[in-house]
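Taking it in order: structure first as structure tokens, then the write-up.
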Amino acid sequence: MPTISLSDLKRKDLFQQKGYIADSWVDSVSGEVFEVRNPATLDIIATLPEMGAADTEHAVAAAFEAFKTYKKTSARQRARWLRRWNDLCHEHLDDLALIITLENGKPLSEAKAEAVYAASFLEWFAGEAERVHGEVVPPANLNHRILTIKEPLGVAACLAPWNFPIAMITRKVGAALAAGCTTVWKPAGETPLSTLALATLAHEAGFPKGSINVITTLNRIAEVGEALCLSKAVRKLSFTGSTRIGKLLVKQCASNLKKLSLELGGNSPFIVFDDANLETATNACLLAKFRNSGQTCVSANRIFVQRGIYDRFADALVEKIKAMKVGNGTDGSVSIGPLTHERAVEKALSHIDDAKSQGASVLLGGAACSPDDLPGYFIQPTVLSGMPMESIITVEESFAPIVALYRFETEEEVLEKANDCDVGLGSFIMTESLSRSFRVAESLEVGMVGVNVGILSACESPFGGVKESGYGREGGRHGIDEYLTVKSILINVVS
Ligand SMILES: NC(=O)c1ccc[n+]([C@@H]2O[C@H](COP(=O)([O-])OP(=O)(O)OC[C@H]3O[C@@H](n4cnc5c(N)ncnc54)[C@H](O)[C@@H]3O)[C@@H](O)[C@H]2O)c1
Ligand SMILES: O=CCCC(=O)O
């Protein structure tokens, strides 16, 4: 089979191996570099500047300077830049998808879907930019007139994960730039290349110098994270990643009370009731579980199936999974790619071993694998059943293609189990009953519920969680508010 590589990019300049500060492609102050590997082949595909605190301060200073003029641009102008950027993403979807697949591992079709999803936030927030309204407040004192205006917060630091490297960037920076904030982006060290391609297109769309800056780092991430948190010039920090790092950032940002949005870990329940449509439920489960090889913050992690449909659901699901091919994401016939980094494989295997040691049956898979002799981070799609609620896979998100099935009897029982969890991000309900959909959706302690679907995210729908899944909302009508502050103006009208 012919191999697809970065040399197949139609726009060669979308492959950048530098950081981006104040309209210039730059190396790190220290001269250090790190390597980016393809997780399917383990080939080195790029070498990038290992930036640290000094580079971060440089990027923040550029964004701070740019804010002085960017905040005075009209919302219509910002909307035009965002729309142009959206159009450019659509023109270069194939190139963006190829870069995502090579650095993250997801199949090309999924990478293309991510690029479309990423662009959708630009179009959405282009619209929202012009709908930031203040209000006129009825005063108690009739000599007063009170009104409110909304203003951009200032420099926004946007820290994205490796699982959706460009969609998680645009969901943040689309809102920030629409609001009038300038930005410092920090992609994950595993997947910086698609972010740099996105920055190239943003530059072409016309965003002013300093409004967009990109810091690249792998090994100095703690130093960069701390510099962003401690900087008084950064007034907003938005992070998507693990709950562990989210808590660290909260502590670091406490020193200057920076406004935070945190989209952290999940442990989504996927609940199949006896009255579910079997075809709908199994197809939704495949999407909710295997999108990005299970490395999605809203992945179905605990799959609760009611007794009456359990055996039919498990059998049908296993048959469908057997038809899914694992391999290199650049191969068009592959539907499950590798995991993105080595420690993800170790974590997945430890979850499987723990479940087995606690009595789980392995209905499918259960081990690492090397499709086509590839050396990358692959594990077999796995189906487990019969583990206790105390097993690690029940209490922690696996972030891997592992289906964990649990049998339940009643709605009351499943709600208690689903809510017995420290995090609350996504959830899924499979039922043909409208009243049960509402009843269960309203009872789940989560930020998002999908009914008879396997993907619950859309640019126009607010995304975020409760409990230790974090706070703040991205996308939707609420997403832009995270980058704005309300100023009230009280006028004495007595002459
Ligand atoms: N919510 C999500 O979309 C999401 C994304 C990635 C990982 N996770 C969760 O985290 C688990 C472990 O993944 P991991 O090994 O990449 O996690 P991790 O805890 O090492 O890192 C998570 C993210 O935080 C960044 N990071 C690490 N240290 C930082 C610091 N000091 N300051 C600022 N940013 C920092 C990393 O670049 C990465 O993107 C996953 O299995 C999953 O459960 C969730
Ligand atoms: O994994 C995090 C984001 C996934 C999504 O937006 O659907």
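Read the numbers this way: they start at 1 and go in the same order the structure lists the ligands and their atoms. Throughout, residue positions are numbered sequentially from 1 according to the sequence presented.
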Salt bridge present between Arg37 and Asp43 (N-O < 4.0 angstrom): no
Among Glu482, Arg171, Lys172, side-chain contact (heavy atoms from CB on, under 4.5 Å) partner for Ser238: Lys172
Quick test of your reading of the model: are Glu190 and Arg343 salt-bridged, counting only N-O distances below 4.0 Å? yes
Give me the one residue out of Glu397, Glu396, Glu346, Lys356 that meets side chain to side chain donor-acceptor pair (under 3.5 Å) with His351. Glu396
Criterion side-chain contact (heavy atoms from CB on, under 4.5 Å) on Phe313 and Ile303, from CA distance to verdict: CA-CA 11 Å; Phe313 179 84; Ile303 297 164; 4.0 Å; yes
Does the cation-pi check pass for Lys106 over Phe164, that is, NZ or CZ under 6.0 Å from the six-membered ring centre and within 45° of its axis? yes
Expected rows: ligand 2 N/O, protein N/O, dist below 3.5 Å:
residue: ligand 2; atom: 1 (O); partner: Asn163; partner atom: ND2; Å: 3.2
residue: ligand 2; atom: 1 (O); partner: Cys297; partner atom: N; Å: 2.9
residue: ligand 2; atom: 6 (O); partner: Tyr117; partner atom: OH; Å: 2.6
residue: ligand 2; atom: 6 (O); partner: Arg171; partner atom: NH1; Å: 2.9
residue: ligand 2; atom: 7 (O); partner: Arg291; partner atom: NH1; Å: 3.1
residue: ligand 2; atom: 7 (O); partner: Arg291; partner atom: NH2; Å: 3.0
residue: ligand 2; atom: 7 (O); partner: Ser457; partner atom: OG; Å: 2.5

Once you measure the plane-to-plane angle for Phe428 and Phe270, does it fall in the parallel (<30°), tilted (30-60°) or perpendicular (>60°) bin? tilted
When you look for protein heavy atoms under 4.0 Å from ligand 1, which residues do they belong to? Leu159, Ala160, Pro161, Trp162, Asn163, Lys186, Ala188, Ile221, Ala222, Gly225, Phe239, Thr240, Gly241, Ser242, Arg244, Ile245, Leu248, Leu249, Glu263, Leu264, Cys297, His341, Arg343, Lys347, Glu397, Phe399
Would you call the rings of Phe207 and Trp81 parallel, tilted or perpendicular, taking 30° and 60° as the class edges? tilted
Under-4.0 Å salt bridge between Glu114 and Arg291: no
